[in-house]
Number of protein chains: 2
Amino acid sequence: MRAHPRTHRQDAPDARQPVGGALASAPPPAAVPAASPVRTPAACAAPRFQPLYRQIKTAILQGIESGEWSAGEMIPSEMDLARRFSVSQGTVRKAVEALAAENMLARRQGKGTYVSSHREARAQFRFLRLRPDEGPATQPSSRILDCRRSRAPADVARALSIRTGESVLFIRRLLAFEETPVVLDDIWLAGEEFRQLTAERLANHSGQLYAVIESELGTKMIRASEKLRAVCASEGQADALGVEHGSPLLLVERVTSTFNGLPVELRRGLCRTDRHHYVNEL
Amino acid sequence: MRAHPRTHRQDAPDARQPVGGALASAPPPAAVPAASPVRTPAACAAPRFQPLYRQIKTAILQGIESGEWSAGEMIPSEMDLARRFSVSQGTVRKAVEALAAENMLARRQGKGTYVSSHREARAQFRFLRLRPDEGPATQPSSRILDCRRSRAPADVARALSIRTGESVLFIRRLLAFEETPVVLDDIWLAGEEFRQLTAERLANHSGQLYAVIESELGTKMIRASEKLRAVCASEGQADALGVEHGSPLLLVERVTSTFNGLPVELRRGLCRTDRHHYVNEL
DNA sequence: AAGTGGTCTAGACCACTTT
DNA sequence: AAGTGGTCTAGACCACTTC
């Protein structure tokens, strides 16, 4: 940490330790996730200087990504972080508030700031946009129809930024709301870590795939980008969902990424929308 | 303005003038708030005390809603607002930042803070989620097929929170991307002000209905809630969109509201999704 | 040069949770 | 009582825009 936006900070007024491990002497301060003092205001314009609070935001993010603070755990208090990074509490606060606004952290007055998790109740519906036309939103149950390693077809590989034929984990499942099959999901997961997943480990998790992946693999899905279309049900799809061949279905194609923005999941969900709908707020 | 969160502010420590035109005597300490002193910490729990910055946020919102500052215009500087409300600049900043995060205001360094408008280029795609499968996002052209006053059917009335049979403006239009018809919109608008709209006034606006409404009627659409479904094209719909009868179409049902959250528009859009798709970020 | 938003600091007190 | 986040203040300097 330490360093200037572009030049923003003033260096004269206070006698701050300008460099690297900055606070090496102080008692409580531990080691910052990283350091690399980017101080030279001029000359190096390549990495684009950032305001202090942005640098701290990045540092906290790295702390989460590296596992120093994992999902559901509390991160150090604002005062601790301020001491660790040698900035004021207000600057830390600004970084933390930005991360909270992005759903990365959750603040709880009087308790602390926590790394958000897919296991939390409030996170359940962020990635599940299907709602019954009537009645309250509910969690679906999941039935795994297939789960195996496979080679990525060209279109899947393109979406996941990998090479065609590379090894991926393929999952096909059926989500049912109140005993009625509603979604037929085809899921491709790119990455070594997913090899450990099996149909058995996925069973009995009521469709909360991201919570399972987070808990068992430590991989956290951060954001997703979806494309929606209306399509006709093929024979097999119609059978699985209990509709007539040719019925209109909502196709939801999702590409999900973790930190760093690299895509790790491609999902194609076919949804019956006769008694459910997809919700969105603009 | 004036008043405390729940009790938040301290009233003893400094000799603050608790009421009205406050500041006048003390040099630096100035005074707090300015208006209706809602100070009693206890006893009155009904209106739910709000933090100062929230009250100021509401006050600014009212300024926009009342037309004191209209879409596209600049609001007073942070310092001016701070003086007006008798709070510190930082408190005003927090209110303004919150409004900017909600797309109500747009801040421009060195220039000022502006009331956001549907006329801005950056706002164009917030309510238009349809994108071509290939190529860059483009604005559609609009052809008005129908535009007349009518009585609200039961389902429309329910969505708009009005009584069945009440007078509404009905618009049917066809949106075309690159000369190809893609969306068939049925739109119902509730409110006296919409009586002034005619097919002529809507023509030649390339489908930017909200920009027209904002400019000509002063009504600003703030947020919308959508429900998506896949349906089959009826004969008439198929003809209008140039697809075969029975083709799958994406039905987007949108309820849009202005300030205060009261719904003013119900829209049902039927979209061909063979060469376009609906995008969403989670 | 003046005015605007953008960043940062330092310190105060309040409200909530836990010990 | 101690610790955490939540609100508020006052003042500094930086960066951008306009005059």
Side-chain angles (χ1 to χ4, degrees), chain A residues 1-16 28 41-42 48-57 74-83 85-100 105-114, chain B residues 1-16 22-23 26-33 39 41-42 48-57 74-83 85-100 105-114:
Chain A
M1 212 30 45
R2 183 69 284 214
H4 303 198
R6 300 182 181 181
T7 14
H8 245 316
R9 303 290 330 306
Q10 72 287 10
D11 263 274
D14 45 12
R16 282 219 164 95
R48 214 73 174 99
F49 288 107
Q50 298 257 304
L52 268 184
Y53 78 91
R54 280 197 150 285
Q55 298 179 39
I56 289 168
K57 189 180 153 187
M74 187 177 140
I75 67 172
S77 73
E78 294 178 354
M79 283 305 295
D80 284 345
L81 289 172
R83 278 188 289 266
F85 295 128
S86 303
V87 298
S88 79
Q89 185 185 1
T91 301
V92 168
R93 175 180 295 273
K94 193 162 181 184
V96 170
E97 276 173 347
L99 288 169
L105 296 176
R107 321 191 73 187
R108 298 178 206 160
Q109 180 172 117
K111 298 192 69 176
T113 300
Y114 295 76
Chain B
M1 223 25 43
R2 171 68 288 215
H4 303 195
R6 302 190 179 174
T7 16
H8 243 315
R9 305 289 331 302
Q10 72 289 9
D11 263 271
D14 43 12
R16 285 215 162 101
L23 62 154
V32 195
R39 301 172 52 253
R48 215 75 173 98
F49 289 107
Q50 297 257 303
L52 268 184
Y53 78 92
R54 280 199 149 284
Q55 299 180 38
I56 289 168
K57 190 179 152 187
M74 186 178 144
I75 68 171
S77 74
E78 294 179 354
M79 284 305 294
D80 284 346
L81 290 172
R83 277 188 289 266
F85 296 127
S86 302
V87 298
S88 78
Q89 186 184 1
T91 301
V92 168
R93 175 179 294 273
K94 194 162 182 184
V96 170
E97 277 173 347
L99 288 169
L105 297 176
R107 320 191 75 187
R108 298 179 205 160
Q109 179 172 112
K111 299 191 69 176
T113 300
Y114 296 77

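Letters go in sequence order (proteins before strands), and every chain restarts at 1.
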Next item on the list: Report the residues that fulfil side-chain hydrogen bond (donor to acceptor under 3.5 Å, both in side chains) with B:Thr91, sequence neighbours left out, ordered by chain and then residue number.
Entry: B:Ser88
Item checked: Pairing residues for B:Lys94 by the side-chain hydrogen bond (donor to acceptor under 3.5 Å, both in side chains) criterion, not counting sequence neighbours -> none
Notebook entry, point to check: Which pair of non-hydrogen atoms, one from B:Gln89 and one from B:Met79, has the smallest distance, and what is that distance?
Noted result: OE1-SD, 3.5 Å
What is the separation between atom [atom1] on [X] and atom [atom2] on [N], rounded to the nearest whole Å?
{"X": "A:Glu97", "N": "C:dC8", "atom1": "CD", "atom2": "P", "answer": "14 Å"}
{"X": "A:Leu52", "N": "D:dA12", "atom1": "CG", "atom2": "C1'", "answer": "15 Å"}
{"X": "A:Gln55", "N": "C:dC8", "atom1": "CD", "atom2": "C1'", "answer": "13 Å"}
{"X": "A:Leu105", "N": "D:dG6", "atom1": "CG", "atom2": "P", "answer": "11 Å"}
{"X": "B:Tyr53", "N": "C:dC14", "atom1": "OH", "atom2": "P", "answer": "18 Å"}
{"X": "B:Gln89", "N": "D:dA12", "atom1": "CD", "atom2": "P", "answer": "13 Å"}

Next item on the list: Between D:dT7, C:dT9, C:dT7, spot the one nearest the side chain of A:Pro51, thanks.
Entry: C:dT7
Note to self: When you measure from the side-chain N and O atoms of B:Lys94 to the phosphate of D:dT7, is any distance below 4.0 Å, counting only OP1 and OP2?
What the structure shows: yes
Note to self: Looking at D:dT7, I'd like to know if its phosphate oxygens (OP1 or OP2) sit under 4.0 Å from a side-chain N or O belonging to B:Thr91.
What the structure shows: no
Item checked: Residues forming a side-chain contact (heavy atoms from CB on, under 4.5 Å) with B:Met74, sequence neighbours excluded -> B:Tyr114
Notebook entry, point to check: DNA chain C in dot-bracket, Watson-Crick or G-U pairs under 3.5 Å, [ ] crossing, | other strand?
Noted result: ||||||||||||||||||.
Check: C:dG5 base to B:Arg93 side chain: any donor-acceptor pair below 3.5 Å?
Finding: no
Margin query: Walk me through whether B:Arg83 and B:Asp80 qualify under side-chain contact (heavy atoms from CB on, under 4.5 Å).
Written below: CA-CA 5 Å; B:Arg83 277 188 289 266; B:Asp80 284 346; 2.8 Å; yes
Check nucleotides 2-4 of chain C for protein N or O atoms closer than 3.5 Å to its own N or O atoms and list the pairs.
from	atom 1	to	atom 2	distance (Å)
C:dG3	N2	B:Gly110	O	3.0
C:dT4	O2	B:Gly110	N	3.3

Check: Taking it one step at a time, do A:Ile56 and A:Leu81 satisfy side-chain contact (heavy atoms from CB on, under 4.5 Å)?
Finding: CA-CA 9 Å; A:Ile56 289 168; A:Leu81 289 172; over 6 Å; no
